[in-house]
Structures are given as structure tokens and as C-alpha cells.
Participant: 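Could you have a look at this structure, given as C-alpha cells, before my questions?
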Protein chains: 2
Amino acid sequence: MAHGGKPQPMKGIRQLADHLDISIGTVSRALNGKPDVNEETRKRVLAAAEQLGYVANQSGRSLRQGTTNVIGLMIQSSRETVENSDNFFLTVTGGLQSVFSRHNLDLIMLPCPNDEDPYEYLKRMVARRVVDAMIISETQRIDKRFDLLAKAKIPFAALGRSLSGAQHPWADLDFDGVANCAVDRLVAHGHRRIAISTPASDINLGFVFVEGYRRALERHGISYDPALVIRAKSSEQGGYQVADELLRVDDRPTAVILIYELMAIGLYRRMMETGIIPGRDIAVVGFREAPRAKFLQPPLTCFRTSLHDLGVELAEILLSSMPAYSHIYPKTRRQTIWPLELVPGESDAFQRTSIK
Amino acid sequence: MAHGGKPQPMKGIRQLADHLDISIGTVSRALNGKPDVNEETRKRVLAAAEQLGYVANQSGRSLRQGTTNVIGLMIQSSRETVENSDNFFLTVTGGLQSVFSRHNLDLIMLPCPNDEDPYEYLKRMVARRVVDAMIISETQRIDKRFDLLAKAKIPFAALGRSLSGAQHPWADLDFDGVANCAVDRLVAHGHRRIAISTPASDINLGFVFVEGYRRALERHGISYDPALVIRAKSSEQGGYQVADELLRVDDRPTAVILIYELMAIGLYRRMMETGIIPGRDIAVVGFREAPRAKFLQPPLTCFRTSLHDLGVELAEILLSSMPAYSHIYPKTRRQTIWPLELVPGESDAFQRTSIK
DNA sequence: ACGCGCTCCGTAAACGTTTACGATACTATG
DNA sequence: CATAGTATCGTAAACGTTTACGGAGCGCGT
């Protein structure tokens, strides 16, 4: 028994062991809940650790057991993306962390600089061995990153499905379901000529979205017209351009489905400028629901979901694919298509008087 | 000279050294740019590292030199906070990372669980020695976390000023300046009875905001009435409550300044419900500017700033206080009050017919 | 008395790096 | 030629932890 207080700021497990007159190995085993240690000495160790404020040095532990207790979240942090993505990422992240923190896992954000190739960036991060697993977002249609991670034997899950490696774990919003529902609704209102917006980049969600739209049209016996698929940025300016495109197309569409609700701002504005009333002359359906959607006049018909819970699901999918946790999260579903709920507004509520 | 390709996935610096027939020490020195190594062998080493895809293991390096190359960003990740904070954190984070990534520093988000005391949480994170420095957000009026970090000798910078440790590095939005400007504008329009909203928690920004408001009133010879300071959550519901409070106060105010623009949704709604027209019967000024502010009818008068650049500034302030980087970022300013620019809307544009 | 199994604990090796220190070869200087 | 100085490199210790291995003590059955 030495002195009682906090003499030094606690250098390491060695000091703790000396203070207890126990070997360092036993202390380690006691702290980590290993079986071969007397219950009473374990209590003593835990009490001393608590009192002296000892917490294991992460670097030492990582070096020894080759695991870092860190999950990486890769995002393409283009400034424009971030400023437009609203609270999307942070909300999903909150869900991720609510799961990870239960297992003392830290989440580290790995933003790929704009001027670097995402693949090379990820390769570097993987080589540094700073993460135990990865979450990949903004998945491309064919995404080499999956092969890289698989080859490096790093567990991962994707926020967004992809064509490459369909067997990989992922969670994704139900883009095709939403497109389906939107088309159904618009057709029920008498619309036959329905446009849709999709991102200009080769991010996969755009393809899924359009594919759902195409199939829904087919189901209603409406022929698919590529001219009605309008590529534009997912931003206010993008919405403005979509409106311009709409007006330019022959046989002007009577409805439009937006991939991202923020685009409605620009769309509405451009429509007003040209004397077209959204919700009366052209029906509008937006993709996500956000607080700001309530500002729109007329209120935007859109789709709501809990991104937080999507994050939870994604975290559990990831953990279920990690050997150390798969006993806690059994591999039931390894892919999830996350449902959204229709929030009827007034932007598509009018009954179209059929012209034919 | 061994074989040329990529035989193994590169185990460590040892393998690289063997492959080059050079000692491991020299390889390390070559890679780290140390002076006592022949320029030609350095080139050979770098080439081989590139070819074999060698990247130093972070754990080993951290353990040896006691530095992790990781900056922690602590946030209180209450689900409500996150969902309401819009893109605030992520945008600031983007600015932080644009600086950090230049120095190969990773940013790790450390979200304090709702049910844990932030101080204890930070203490644990500090003890694990997983970060070289910290960025503290949502600073309280008096915030023990600063003392903790100072005692642990961990460099830090705060997003938001505080009363405790005024000498610490921080960057903060110009809350008092905004309050000042808002009051000036409203007084110029003939308002004398001006209410203000402030968060219910003891986060410091609320105090700064109200203090600026109080001083501005004083300057105009208007007496400060505590009944006009309305505490409410920074959310849509909070705005709804603010409207209710406004109507309940004797000698009803003719103007209100909101701490957070999202509150305007609820405020407008409640006003409409009671037959009061925002921007005509009561003037409204909001704090930040966000894309959604453009939805409001009448458009909200508010204040714009670049949160990305604020993040850049904050990162530079932090680095300037870290010995390893202070030669790159000289300690010129260690505190910054970040300016905002008025975005005139129509929510406060009417000229108040003086009743007196 | 002996062996066996069990519980508990100490010892020491590893993990991959950086770096202080000394060794070597070579050059310059006296 | 002797010596000092310089450039370059190899050796080995150290960082803090986990864990394989073995040993001590004990109870128990033969």
C-alpha cells in the first residue's frame, strides 16, 4: 500500500502494477476481463485503475493486437457537396455512433480531398492500418474501392448499393421504391408525361432512381423517353436548370420528380419567373423530406425517413461482418433497402384535366 | 536485388529494409526526411516504398513518438441537436479538414453520449491518448473541460468562447455584433420594444447574444426588460413557443430577434394561427442564413457567413498553439470573432408607424 | 507418496516504429 | 602520417500493451 492520492498522472500499466504489487500481466488480464484471474484481485485492480485514472494507451494496444477500435467513414468532402448535403451525413453518423459507442469504437471521418483520387486516398488510409473497418459512402456505379477493401481484408459496409460486388454489405435508401411511388401517384392524377432529375455524376443512386422510374412507367404502359431524364446537380442551381430543361423539351411534361428536395427552391423560382405555377401547371415531387421543405409554397410532396435509424442499421450490418462482433449481431440481413414514407404536400395534388 | 513485383502485402518497414539490403534505421530516416542519409539511397527507398505500397503503421509510430496525428472534435451528439444543427458542424468540419489534411492530420469525431457527463467523457478520451489535440464545441459559460485539457497539456481550440480561461484559443461567431446590428436596424425602423430568443441551456453563445442585445438597447436609451428575453429550444418547436410567449407579454413587443433561423418556421406558423402577419405586425430577424431561409414568406432578414472559412480559421488557430506546427502558423491571433453579413429580407422591412 | 488437474499469477516475447549512439569510411588538415 | 571532422549507416533500446507459456500452490483420488 503506497500513498493514496494521485501522485503522478499515471504513466502506464507498469505503474499501476507496481502500485498494487502485482505483475503487469495480471493487471492487464484483470482489466480485460480474462478468465484466469482471481475475482478479488480483479476488483482491486479495477478499483485502483478507477482511482488513479488509468486508461489503457490505445497505441500500445493497437500495436500489440493489430486492432485499432476505429471505424473509418469515407466521404468525398467537396465543399459543394457538404454545404448541400444538409444534415444528411451528420444524422446518419449519429446513428452509426450510437451503435459504435456501445462497443468502445470510435468513428473517424476520412474526407477525400477534392484533388485526390478516392481510390488512391483509400489505399493510403488502408495501408496506414488506422481503421479496423470502413464505411463507404457515395458509392459509384462500379466502385473499385470495394475490391480494394476486400483484397486488404478490411471489413466494410457501404452507404449506397453498387453494381460491383453485389454480395457486399450495404444499406441504401429505397430510391426505386420512391420513384415507383411517385410515378404511381402522378399517373393516378392523370399525368402521362413525367420528367425525372438525376445527378450528373456517376454516383449509383441516380441510376437506381431512374431505373425505378422506368419500370414504373412500363408498368403503366407509358413509353420511356430519355429526353425526360434530366441530369443536374443536386443543388438549388441544379433545380433552376431542371426547370429550364423542362420548358425546352418538346411536348412539355406535366410533372417532374426531383432526386433531391433542395432543388425545389431553384425549380420553383425558375417556374415563377416564367409564369408557371408549381403545383398547378406542373406537378412536383421531391425526394427527401427536410425541415425546410415546410417553407415551400405550395408545400412539397416528398418522402420522409429516419436517417438516424438508417445509420443504426448500417452500423449493425457492418459489425455483423466483423468476426469480433458477429456473435452479437448475427448475419441475418446483410443488405437493407431502407423504406421511406410519403409526405403528401400540395405540389402534386391537383387533378390533371386529361387533354390527351 | 530480389524479385520485382508485389510478392507479399508488405508487412512492415523490416520487409522494406530487407528488400533494399539496407538497415531498418536508415529506411526510417530516409522516409521521414531526416538529414543524415545519402540523397541517392533516399531516392531508392522512396521509390521502393512507392512501388511496394509501403505506408508506416500508425500504431507503431504513435507508440514510439507519443503522437497520434489525430485531432479530436468533441460534440454533444444528442439526436435532437444533430437533426436541428443542419449542416453547421459538417461545414465547419470541412474547413477544419481542408487545413488538417495538408499536414496528414486526421480528424476524429468524438460524440459524447447523451447519458454521460461531457467532462468525464473527455477525461476518458484524453487518458486513452488517442488525440494530439482537441477541438471543443458547444462551449458552456464556464466550462471545466478547458481546465482538464490544460492540465493534461493537450493543445486545444474552442468553437465558441467561454468565460473560463479567456486566454485559450477560440473562434466564435460574432453573436453580439449580430444582436447589435439587428437592434440598430429595428430601432431605425421605429421599434422600441424588441424581444430576443436565447437557448435554454447554459451554452455560452446565448449569453453573448443577449449581452450584445442589452448593450445595443442601452446605446439607444431603451431600458432592458428581462421579460423580453425568451428562452426556448433552437428548433421549430422552440420558435412556436417563442411566438406564444410574445403574445403573452404585457405591452406586446413589435419585433423579435431569433437566435436560430430554423425557429422562424414555428414562429411564423404560430403567428399565422393567431392572425398575426410576420413582417407586418411583428418584425422578425433571424440569426443564421441557410438555403431554407429562402423558402420563408416573407423572406427572413438574417445574417450570412462562411462556416467553411470559420473552420479554416479555427484549424489554423489550433495548429498555431501546437509546438510542432507553430512555426508554420505563427501565433498572430489566438482568438477570432467571425463576422457575419446582413442579408436583408422582408420580415423586418416595414416602417413601424410610431404609436408612442 | 505420487500424479493429476485446477486456479492463479509472473515472465518475457512480440507488435512496428523512431532515434540515440556508436561504428565505419572517407576527406581534409596539421 | 596522424588526427580531426564529416557523411552515412547499422545496432539496439525504447514506447505500452497483450498473451503464450510455464510455474507455484493446492486439493483430491489412487
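A, B, ... follow the sequence lines: proteins, then strands. Residue 1 opens every chain. Source: prediction; values computed, not measured.
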Participant: Would you mind telling me which residue lines up with the more 5' stretch of DNA chain D, B:Ile22 or B:Gln65, judged by nearest nucleotide?
Facilitator: B:Ile22
Participant: Specify the separation, in whole Å, of atom CG of B:Leu20 and atom C1' of D:dC9.
Facilitator: 14 Å
Participant: Whole angstroms only, please: what is the CZ-C1' distance between B:Arg128 and D:dG16?
Facilitator: 14 Å
Participant: Whole angstroms only, please: what is the CD-C1' distance between B:Gln58 and C:dT17?
Facilitator: 10 Å
Participant: Are any side-chain N or O atoms of B:Ser101 and backbone N or O atoms of B:Asp106, one a donor and one an acceptor, separated by less than 3.5 Å?
Facilitator: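 Not at all, since once roles are kept as given, no pair shorter than 3.5 Å links the two residues.
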Participant: Under 4.0 Å, heavy atoms only, any strand: does A:Asp36 hit a base, just the sugar-phosphate, or nothing?
Facilitator: base
Participant: Between B:Asp132 and B:Thr67, is there a donor-acceptor pair closer than 3.5 Å when you use the side chain of the first and the backbone of the second?
Facilitator: no
Participant: Does B:Ser59 place a side-chain N or O at less than 4.0 Å from the phosphate oxygens OP1/OP2 of C:dG16?
Facilitator: no
Participant: Check the angle between the aromatic planes of B:His103 and B:Tyr329 and answer parallel, tilted or perpendicular using the 30° and 60° thresholds.
Facilitator: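 Answer is perpendicular, since the angle exceeds 60°.
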Participant: How many Å lie between CG on A:Leu31 and C1' on D:dT19, as a whole number?
Facilitator: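 That distance rounds to 14 Å.
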Participant: Does A:Pro155 offer a backbone N or O that forms a donor-acceptor pair with the side chain of A:Ser321 under 3.5 Å?
Facilitator: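 No, because the side chain of A:Ser321 does not come within donor-acceptor range (under 3.5 Å) of the backbone of A:Pro155.
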Participant: I need the CD1-C1' distance between B:Ile24 and C:dG16, as an integer number of Å.
Facilitator: 7 Å
Participant: Give a yes/no on whether any side-chain N or O of B:Tyr54 is located under 4.0 angstrom from OP1 or OP2 of C:dG16.
Facilitator: no
Participant: So, is B:Ser28 near the phosphate of C:dT17, with a side-chain N or O under 4.0 Å from OP1 or OP2?
Facilitator: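 No, outside the criterion.
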Participant: When you get a sec, tell me which of D:dT18, C:dT18, D:dC9 is the closest nucleotide to the side chain of B:Val37?
Facilitator: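 Selected nucleotide: D:dC9.
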Participant: Remember a base hit wins even if backbone is also touched, and classify A:Thr41 as base, sugar-phosphate or nothing at under 4.0 Å, heavy atoms.
Facilitator: sugar-phosphate
Participant: How many Å lie between CG on A:Asp21 and P on C:dC9, as a whole number?
Facilitator: 13 Å
Participant: Checking contacts here: which listed nucleotide (D:dC15, C:dT17, C:dA14) is nearest the side-chain heavy atoms of A:Arg64?
Facilitator: C:dA14
Participant: Any idea which of D:dC9, C:dT18, D:dA20 is nearest the A:Arg29 side chain?
Facilitator: D:dA20
Participant: Looking only at side-chain N and O atoms, does B:Asn57 come under 4.0 Å of OP1 or OP2 in C:dC15?
Facilitator: no
Participant: Counting distance only, does the side-chain N/O of B:Thr68 pair as donor-acceptor with the main-chain N or O of B:Val130 below 3.5 Å?
Facilitator: yes
Participant: In whole angstroms, how far is the C1' atom of D:dA7 from the CD atom of B:Glu40?
Facilitator: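 So the two atoms are 14 Å apart, to the nearest Å.
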Participant: Does C:dG10 have its OP1 or OP2 closer than 4.0 Å to a side-chain nitrogen or oxygen of A:Ser23?
Facilitator: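 For C:dG10, OP1 or OP2 has a side-chain N or O of A:Ser23 closer than 4.0 Å.
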Participant: If you assign B:Gly60 and B:Lys34 each to the DNA chain C nucleotide with the nearest heavy atom, which residue ends up on the more 5' nucleotide?
Facilitator: B:Gly60
Participant: Can you tell me if A:Arg61 touches the phosphate of D:dG16, counting only side-chain N or O atoms and a distance under 4.0 Å to OP1 or OP2?
Facilitator: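 No, because none of the side-chain N or O atoms of A:Arg61 sits under 4.0 Å from OP1 or OP2 of D:dG16.
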Participant: Measuring from the side chain of A:Ala56 (C-beta onward, heavy atoms only), which nucleotide among C:dG10, C:dT18, D:dT17 has the closest atom?
Facilitator: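 From the listed options, D:dT17 comes nearest.
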Participant: For the residue pair A:His168 and A:Phe156, categorise the inter-ring angle as parallel (less than 30°), tilted (30 to 60°) or perpendicular (more than 60°).
Facilitator: perpendicular
Participant: Strictly below 4.0 Å: does B:Asn38 bring a side-chain N or O up to OP1 or OP2 of D:dA7?
Facilitator: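 False: B:Asn38 side-chain N/O out of range (4.0 Å or more) of D:dA7 OP1/OP2.
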Participant: Please report, rounded to the nearest Å, how far the P atom of D:dA12 is from the CZ atom of B:Arg14.
Facilitator: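 Rounded to the whole Å, the gap is 11 Å.
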